[in-house]
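Structure first, commentary second.
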2 protein chains.
Amino acid sequence: MAKSDSVTIADVAKRAGVAKSTVSRIINDVPGVKPVTRSKVLQAIEELGFRPNMLARSLKTNMKQQIALAIDDIRNPYYPELAWAVEQVAKEHGFRLVLINHYGNPSEELSIMGKVNEMHIDGIIMSTISFPAALKKYINHSTVPVSLIGNLGDDVNADMVYLSKPEGTLAMEHLIRIGCTNIAYAGGPKEVHQGTRYAAYEAALSANFLKLDPGNVYIGSDFSLQTGIQAADYISGLPELPGGVYAANDMIAIGLIQRLLEKGIRVPEDIAVVGVDDISWSTITRPRVSTVSNLTAETGRIAAELLIQRIKEGQTTPLRKVQLEPRLIVRESTVKVMES
Amino acid sequence: MAKSDSVTIADVAKRAGVAKSTVSRIINDVPGVKPVTRSKVLQAIEELGFRPNMLARSLKTNMKQQIALAIDDIRNPYYPELAWAVEQVAKEHGFRLVLINHYGNPSEELSIMGKVNEMHIDGIIMSTISFPAALKKYINHSTVPVSLIGNLGDDVNADMVYLSKPEGTLAMEHLIRIGCTNIAYAGGPKEVHQGTRYAAYEAALSANFLKLDPGNVYIGSDFSLQTGIQAADYISGLPELPGGVYAANDMIAIGLIQRLLEKGIRVPEDIAVVGVDDISWSTITRPRVSTVSNLTAETGRIAAELLIQRIKEGQTTPLRKVQLEPRLIVRESTVKVMES
DNA sequence: ATGAAAGCGCTAACAG
DNA sequence: CTGTTAGCGCTTTCAT
């Protein structure tokens, strides 16, 4: 248990011949300390190699200068950018970032919220996929501020950032606008992404008086390239080749496109393909992938800013909800362009 | 400053009619507490909704149950998997993960090591790119254990995980084995990746009595797809087309291959291309990319285990160094295969 | 088997 | 301008 070498504020005080509180004042830049005293103490700090014990400070001030980010899986390409944006903002405000993967597992998500006050954090950003009712309770009872990515309703005690409409809506509208009537869907399990990815498919069809053919829907096991490849095999075997495919994310779109091309099916001439996420890979495949940007970095930045602001001002001010507009990005996978 | 509602061990003790120490014993599973007392206390805990303040506990025990991982940039595709592996192991041992990006910035790296004891962590894993001498001093003076990714020498007080040889060596040997004599290099700045990516190029050439033609070396500004594309433009314009290209990572290799194909240069027939990293994308491009796996997840896992073991046993036991064997993975970008 | 008391290293009134 | 005095909430001897 031996507290190693650690030199404390008391050691410094003794060495400098002052009281602990004076040392405290100096390391906290409290004004009104005689310059000569200050330099005496500074010197003692230097000589002793004193470093304040933040743990003790935190115990006293109740500020840990740390926030958590709970996400599905950092290996999913959406999250590194989100995490990066969050860490940037955190760092600017002198906060560190604790990263937690919950793998979309509802019980994990609950367990995280149940442990927030054992976590040395001042607040938490949750990017939840499934959203069990129990989670809402946990959030509402949480002692630390919560910032949510996604719109989880008005009865949740948390600031939120979310898109003004599902990305998929833009993707579908685009396909319809360029003349597709027979549109296929390629995605992972329907429930994931709070179901909005798939729901947008159904909604857009019905909003445009197009009929939903269950045969046009390919549901894979995840949101990977592999799923895209399998979707291509499925879709290319359909009795009637769809004019367009709405892929639930760019990874799927890319796998899908590659496989279609291998099979001699031209994109976009035979099939137009649009994805969602605007990951960087989408700009370098051939054809480059039309997609919908969900403003990942912007989302992370705002979520972090909302949280830190909330940490600073407490639960007094009203909850904030920030809506972001998803943005359609048209590239060659949906429209033939002049120059390659 | 108001310490909100927080119910403490003292509240529980009063409610249960026992001493604080008894409550402490119970929440720490210290044996030798009469069952009836135990249940009385447990009930009080339940009724009051008591949750131990880990900060206070940490101050006393000096264990924060938290480790840090300092990396270049989480957006670089190597790191999410590393971070994931580290977090897995951390979680298994009841530790949380603090993620820090240093952007390969030497002064940032130093600043991180300078702040380790203000960070509420029990140890830190550093994946450093540049390795200034000053960093060595910081590490050797660090009060918390350090686990290093990469071999930084014998005079550094840290456990280490690293590859037994540069990945590039395997990549180059492969190209040479399949008959390339005129081999180009495509990479980012030479110093990055501790210089091993490029150094392997020079070393392999001279080990095989091949002459180094500076005109065959393309140095881009980073390790992105874009650099690969630019490298392709450069290499395809060379007076004599090289028989093979060693790309410093798979991103570059992929950008390079796509661009070569666009220009009507066949891969691997005209040029064989090998990358490094074995990122998942390399399995779905056409042709799929031959590469060298650097065992990312394994590296993360071991780094985390070394660190946590060190945290538990202290600086008494000798330093550990774990070597991993990089593995060549041959795909279609270097050899023509029978079935596509 | 349990209680009393002394801190962990720091901050924050309150005096002087 | 600086010192004294209480704690923050918990663990941990040492008694009983």
Side-chain angles (χ1 to χ4, degrees), chain A residues 1-42 44-45 48-65 117-122 143-144, chain B residues 1-42 44-45 48-65 117-122 143-144:
Chain A
M1 222 77 311
K3 215 40 171 270
S4 67
D5 41 0
S6 64
V7 20
T8 82
I9 207 181
D11 302 326
V12 176
K14 178 151 29 143
R15 173 97 170 208
V18 300
K20 289 193 308 178
S21 48
T22 302
V23 178
S24 175
R25 283 181 191 108
I26 285 161
I27 63 183
N28 287 298
D29 285 324
V30 176
V33 178
K34 223 196 310 186
V36 49
T37 321
R38 160 174 242 90
S39 59
K40 244 190 340 192
V41 171
L42 252 22
I45 287 177
L48 267 40
F50 165 82
R51 313 252 55 195
N53 178 330
M54 300 316 253
L55 225 42
R57 176 178 294 176
S58 291
L59 178 59
K60 196 62 189 161
T61 62
N62 207 25
M63 284 292 292
K64 297 113 196 162
Q65 300 300 100
N117 33 15
E118 314 183 0
M119 270 167 59
H120 292 205
I121 58 172
D122 300 309
T143 54
V144 309
Chain B
M1 221 77 311
K3 214 41 171 269
S4 67
D5 41 1
S6 63
V7 20
T8 82
I9 207 182
D11 302 324
V12 175
K14 179 153 25 143
R15 172 97 170 209
V18 299
K20 290 192 308 178
S21 46
T22 303
V23 179
S24 175
R25 282 179 192 110
I26 285 161
I27 62 183
N28 287 298
D29 286 323
V30 176
V33 179
K34 226 194 311 186
V36 48
T37 320
R38 160 174 242 91
S39 58
K40 245 190 339 192
V41 171
L42 253 22
I45 288 177
L48 266 42
F50 166 81
R51 312 252 57 196
N53 178 329
M54 300 316 252
L55 226 42
R57 177 177 294 175
S58 291
L59 178 60
K60 200 61 190 161
T61 63
N62 207 25
M63 283 292 292
K64 298 112 197 161
Q65 299 301 99
N117 33 14
E118 313 184 2
M119 270 167 61
H120 292 207
I121 58 171
D122 300 309
T143 54
V144 309

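Note that the coordinates shown come from a computational prediction; the quantities given were computed from them, not determined experimentally. Letters go in sequence order (proteins before strands), and every chain restarts at 1. Both backbone and side-chain heavy atoms feed into the values below; hydrogens, waters and symmetry mates do not.
- One can place CG of Asn117(B) at 13 Å from P of dG9(C), the figure rounded to the nearest angstrom.
- Rounded to whole Å, the distance from CD1 on Ile9(A) to P on dT2(D) is 15 Å.
- Taking atom CG on Leu55(B) and atom C1' on dT11(D), their separation rounds to 15 Å, with Å as the unit.
- In this structure, Ser24(A) reaches the dT11(C) phosphate: one of its side-chain N or O atoms is under 4.0 Å from OP1 or OP2.
- Rounding to the nearest 0.5 Å places CZ of Arg57(A) at 7.5 Å from OG of Ser24(A).
- Atom CG in Leu59(A) sits about 14 Å away from atom C1' in dA12(C), given to the nearest Å.
- Among the atoms of the strands shown, only primed sugar atoms or phosphate atoms (P, OP1, OP2) are found under 4.0 Å from some heavy atom of Ile27(A).
- The side chain to side chain donor-acceptor pair (under 3.5 Å) check on Arg15(B) picks up Glu47(B), with sequence neighbours excluded.
- Contact between the side-chain N/O atoms of Asn53(B) and the OP1/OP2 oxygens of dC8(D) is not found at any separation under 4.0 Å.
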Pairwise N/O distances under 3.5 Å, protein to nucleotides 1-3 of chain C:
{"from": "dT2(C)", "atom 1": "OP1", "to": "Thr37(B)", "atom 2": "OG1", "distance (Å)": "2.1"}
{"from": "dT2(C)", "atom 1": "OP2", "to": "Lys34(B)", "atom 2": "N", "distance (Å)": "2.8"}
{"from": "dG3(C)", "atom 1": "OP2", "to": "Ala19(B)", "atom 2": "N", "distance (Å)": "2.7"}
{"from": "dG3(C)", "atom 1": "OP2", "to": "Thr22(B)", "atom 2": "OG1", "distance (Å)": "2.8"}
{"from": "dG3(C)", "atom 1": "N7", "to": "Ser21(B)", "atom 2": "OG", "distance (Å)": "3.3"}
{"from": "dG3(C)", "atom 1": "O6", "to": "Arg25(B)", "atom 2": "NH2", "distance (Å)": "2.5"}

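- Using five terminal pairs a side, the axes of the helix from dA1(C)-dT16(D) to dG16(C)-dC1(D) at its two ends make an angle of 40°, given in steps of 10 degrees.
- By the side chain to side chain donor-acceptor pair (under 3.5 Å) test, Arg25(A) pairs with no residue at all, sequence neighbours left out.
- Sorted by first then second residue, the salt bridge (charged side-chain N to carboxylate O under 4.0 Å, His left out) pairs that include residues 29-42 of chain A, not counting sequence neighbours, are Asp29(A)-Arg38(A).
- Of the side-chain N and O atoms in Ser58(B), none sit less than 4.0 angstrom from OP1 or OP2 of dC10(D).
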